[in-house]
> 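One structure is given below, represented as structure tokens, and several questions about it will come after.
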2 protein chains.
Amino acid sequence: MTDQPVRVTAMDVARLAGVSQSAVSRVFTPGAPVSRRMAEKVRAAAEQLGYRPNVLARAVITGRSRMIGLVVAHLENQFYPVAIEHLSRALQARGYHILVFLAGTDSGRTAEVVQELLDYQVDGIVFASVALTSDIASRCESAGIPVVLFNRGQEGEAHAEVTSDNLEGGRIVARFLLAGGHRRIAHVAGWQGSSTGRDRAEGFRRGLAEAGQEPLAVIDGFYDRDEAARAAHRLMDRPDPPDAIFVGNDYMAFGVMDALRFERGLRVPEDVSVVGFDDVPLAAWPAYDLTTIRQPVEAMVDATVDVLIRQIEEGAREAVRLRLPAPLVLRGSARSRRNGPDPTCP
Amino acid sequence: MTDQPVRVTAMDVARLAGVSQSAVSRVFTPGAPVSRRMAEKVRAAAEQLGYRPNVLARAVITGRSRMIGLVVAHLENQFYPVAIEHLSRALQARGYHILVFLAGTDSGRTAEVVQELLDYQVDGIVFASVALTSDIASRCESAGIPVVLFNRGQEGEAHAEVTSDNLEGGRIVARFLLAGGHRRIAHVAGWQGSSTGRDRAEGFRRGLAEAGQEPLAVIDGFYDRDEAARAAHRLMDRPDPPDAIFVGNDYMAFGVMDALRFERGLRVPEDVSVVGFDDVPLAAWPAYDLTTIRQPVEAMVDATVDVLIRQIEEGAREAVRLRLPAPLVLRGSARSRRNGPDPTCP
DNA sequence: CGCCTTGTTGCATACGATTGCAACAGACGA
DNA sequence: TCGTCTGTTGCAATCGTATGCAACAAGGCG
């Protein structure tokens, strides 16, 4: 039968319990000096009135909002929803909550978004799949807000970053494809404006170079499905089409496979091998059964949270760079010595 | 060369501009009475110092945080990331921001989550794919916070809800499959604990009943891929296996198709037709090419935002129920009179 | 029994803003 | 010239909570 949405404040609780407002505040502040009797009285009164501290008012005083800003793009790539899910749970477990902002690919939009985040006094920011230009970086810097880059590197060295070992991942793919007997290996790369895309491509090149080989071609796929599919067609239109394609992430790899199989009638891996990067859940579905490099999402998220919280709560300002190992996951989209038909005896 | 993360307040701006602090406040409050000269002076000073109003402090006074709580589950189902993307953009355009919370399937967790949301003084809450028990509902009610249910109905009639016409969608599928010559039609349903799942199943039943038919079987798939795949196997193990399966959403439908094609070697749609619900982007990919009912995500999100904002800003408390039309999208996973081989002449 | 220590509590102020109210200035008509 | 009205501005109180400081009580010790 409550009619008015009446806010119950610490003062109301104090009056009911017959104590001061500061006492109420202390009861709800872990580590503050309160006697058992006091705590019981106050909690009883609070319970009765349905009181809960106003987080925002608290934030104004303490300067900590217990909110973390998340700037993310590419939600169409299953990797990020999965990451968000873990991130949210991990932060919630530590008493933090996520304010989400979507970024486009243009950094102008990102700058606005960061400004709005700062307006909300977030305690820290996670940039997922978003490049950080130096002016945005310095904006966060001067606001004194810890920043962690998730799945992206940066231009300078200002901030902490958590990625998998993209360089090594690329090399592993190169070695694997060579070992599988492939000789004309192309790469539909992740956006070359992103460190992740560049590192994977670079690692791939080095892996081939170590065997005295080089890529048949490298085409930027811009993390876009259609773009990747077009790239696949361009590759197959060549007089010397590839016998294997390494794609910069799974999301694009699905587009490449679809183009190869349904638009060109090719078989994967019999005609062309395809390897991806990420190991999103979809990659394990039999419709794709994609051989890929696994990014350890959970570990990456846990590391991100650890670094961020340490910076917030201990004021640590070390710009750590974590590179978690990214192993190859063997599935059916690429011939290997073990599972595939040996290309030398058809 | 800024060393300290020094917060610049309205007071600092006031001093620099030689005006009162309230003047600064008014300059940043749309609609407040300020002269042109004053506004210019203050904006100049603010610019120089890099001042921006503290949103949290403002929220404490005005009682509006301009944050919307989003409670969501099933992020593995592409439908929700897509919806979140639109929701975030639509709200951002109106000056609101999203605080995300993940819900599990248990309502106990949801209750906690709602409590935390209320602590943050959010101006409204969107529940996406989350059922609302009556105690949680009344909690929001007594806090005076507008609530909109997205893609779910509710037990009572307390809150606004936005869904597509699930009932009609189910009927359309039934009629379509009958028209395609199918006679043994089964349903792997969305979780029967959710209104959405129930409505689609009920509509489907009615559609069959109107032609004097009834479903071969209805099995709850709990919105779970593996569960749905198991259901598909159980159906096909029957002495009279279905010639068509209507699946409660696309995400499960992919699992069903994978089970049929890759684990049982059946052809879709030649051996079994499959129809989904949602029309997520993946449904259009040729690997699945899924015939499905399209939920108009953008329109649903826009409606959600409209209703929510109107409730917040105009205090409207009408518990509207919007049901947007959900048309059938013809693709290749189900035989129809037009595209499929006629089952009567093989 | 008196003194000092330790642990609790209330008072008062602060955090960064918004906003009602009164004071004031200038414009205008009479 | 005076009174009035309109449009700006500053003062001061307020939002809901945290926290330094002084006051106080209880307890241990000599």
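Heavy-atom basis, side chains included; hydrogens, waters and symmetry copies ignored. A quick note: this is a predicted structure, and the numbers were derived from the prediction, not measured. To find a chain, count down the sequence lines: A is the first, B the second, and so on, and within it residues start at 1.
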> Can you classify the ring geometry of Phe150(A) versus Phe79(A) as parallel (below 30°), tilted (30 to 60°) or perpendicular (above 60°)?
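Aromatic pair Phe150(A)/Phe79(A) classed parallel.
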
> Would you mind reading off the distance between Arg52(B) atom CZ and dG16(C) atom P, rounded to a whole angstrom?
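Computing the Arg52(B):CZ to dG16(C):P distance gives 17 Å.
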
> Specify the separation, in whole Å, of atom CG of Asp119(A) and atom C1' of dA17(C).
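About 13 Å, once rounded to whole Å.
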
> Looking at Ser35(B), I'd like to know whether one of its side-chain N or O atoms comes within less than 4.0 Å of OP1 or OP2 on dT9(D).
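Answer is yes, contact under 4.0 Å.
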
> Under 3.5 Å, is there a donor-acceptor pair linking the side chains of Ser20(B) and Ser22(B)?
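Indeed, the side chains of Ser20(B) and Ser22(B) share at least one donor-acceptor pair under 3.5 Å.
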
> Counting distance only, does the side-chain N/O of Arg139(B) pair as donor-acceptor with the main-chain N or O of Gln115(B) below 3.5 Å?
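No.
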
> Side chain of Ala57(A) only, please: which of dT17(D), dA18(D), dC15(C) is the nearest?
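Nearest to the side-chain atoms of Ala57(A), counting from C-beta on, is dT17(D).
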
> Quick check for you: to the nearest 0.5 Å, what is the distance between Gln295(B) atom CD and Asn151(B) atom CG?
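Gln295(B) atom CD to Asn151(B) atom CG measures 4.5 Å (nearest 0.5 Å).
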
> Tell me: CZ of Arg36(B) to P of dG26(C), nearest whole Å?
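Distance check: Arg36(B) CZ to dG26(C) P gives 19 Å.
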
> Whole angstroms only, please: what is the CE-C1' distance between Met38(B) and dA25(C)?
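Rounded to whole Å, this separation is 13 Å.
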
> Nearest-Å distance, CG (Leu56(A)) to P (dT18(C))?
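Answer to the nearest Å: 14 Å.
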
> Quiz question: by atom type and distance under 3.5 Å, do the side chains of Tyr223(A) and Ser194(A) form a donor-acceptor pair?
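Looking only at side-chain atoms, Ser194(A) and Tyr223(A) do form a donor-acceptor pair, the distance falling under 3.5 Å.
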
> For Arg64(B) and dT19(C), what is the distance between atoms CZ and P respectively, to the nearest whole Å?
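It is 11 Å, rounded to the nearest whole Å.
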
> To the nearest Å, how far apart are Arg58(A) CZ and dG16(C) P?
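To the nearest whole Å, that distance equals 17 Å.
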
> Which comes earlier along DNA chain C counting from the 5' end, the contact point of Ala39(A) or that of Ile61(B), where each point is its nearest nucleotide?
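With Ala39(A) and Ile61(B) compared, the 5'-side residue is Ala39(A).
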
> Rounding to a whole Å, what distance do you find between Lys41(B):NZ and dG10(D):C1'?
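In whole Å, dG10(D) C1' and Lys41(B) NZ are 12 Å from each other.
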
> Kindly state which residues belonging to residues 11-32 of chain A come within less than 4.0 angstrom of DNA chain C, counting heavy atoms of the residue only, listed by number.
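Hits under 4.0 Å, by residue number: Val19(A), Ser20(A), Ser22(A), Ala23(A), Arg26(A).
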
> Taking the side chain of Asn54(A) as heavy atoms from C-beta outward, which of dA17(C), dG16(D), dG10(D) is closest to it?
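Nearest listed nucleotide: dG16(D).
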
> Think Arg43(A) forms a cation-pi with Tyr51(A), using NZ or CZ under 6.0 Å from the six-ring centre and within 45 degrees of its axis?
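The answer is no; the distance or angle limit is not met.
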
> Atom CG in Leu149(A), atom CZ in Arg321(A): separation rounded to 0.5 Å?
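Going from CG on Leu149(A) over to CZ on Arg321(A), the span is 9.0 Å.
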
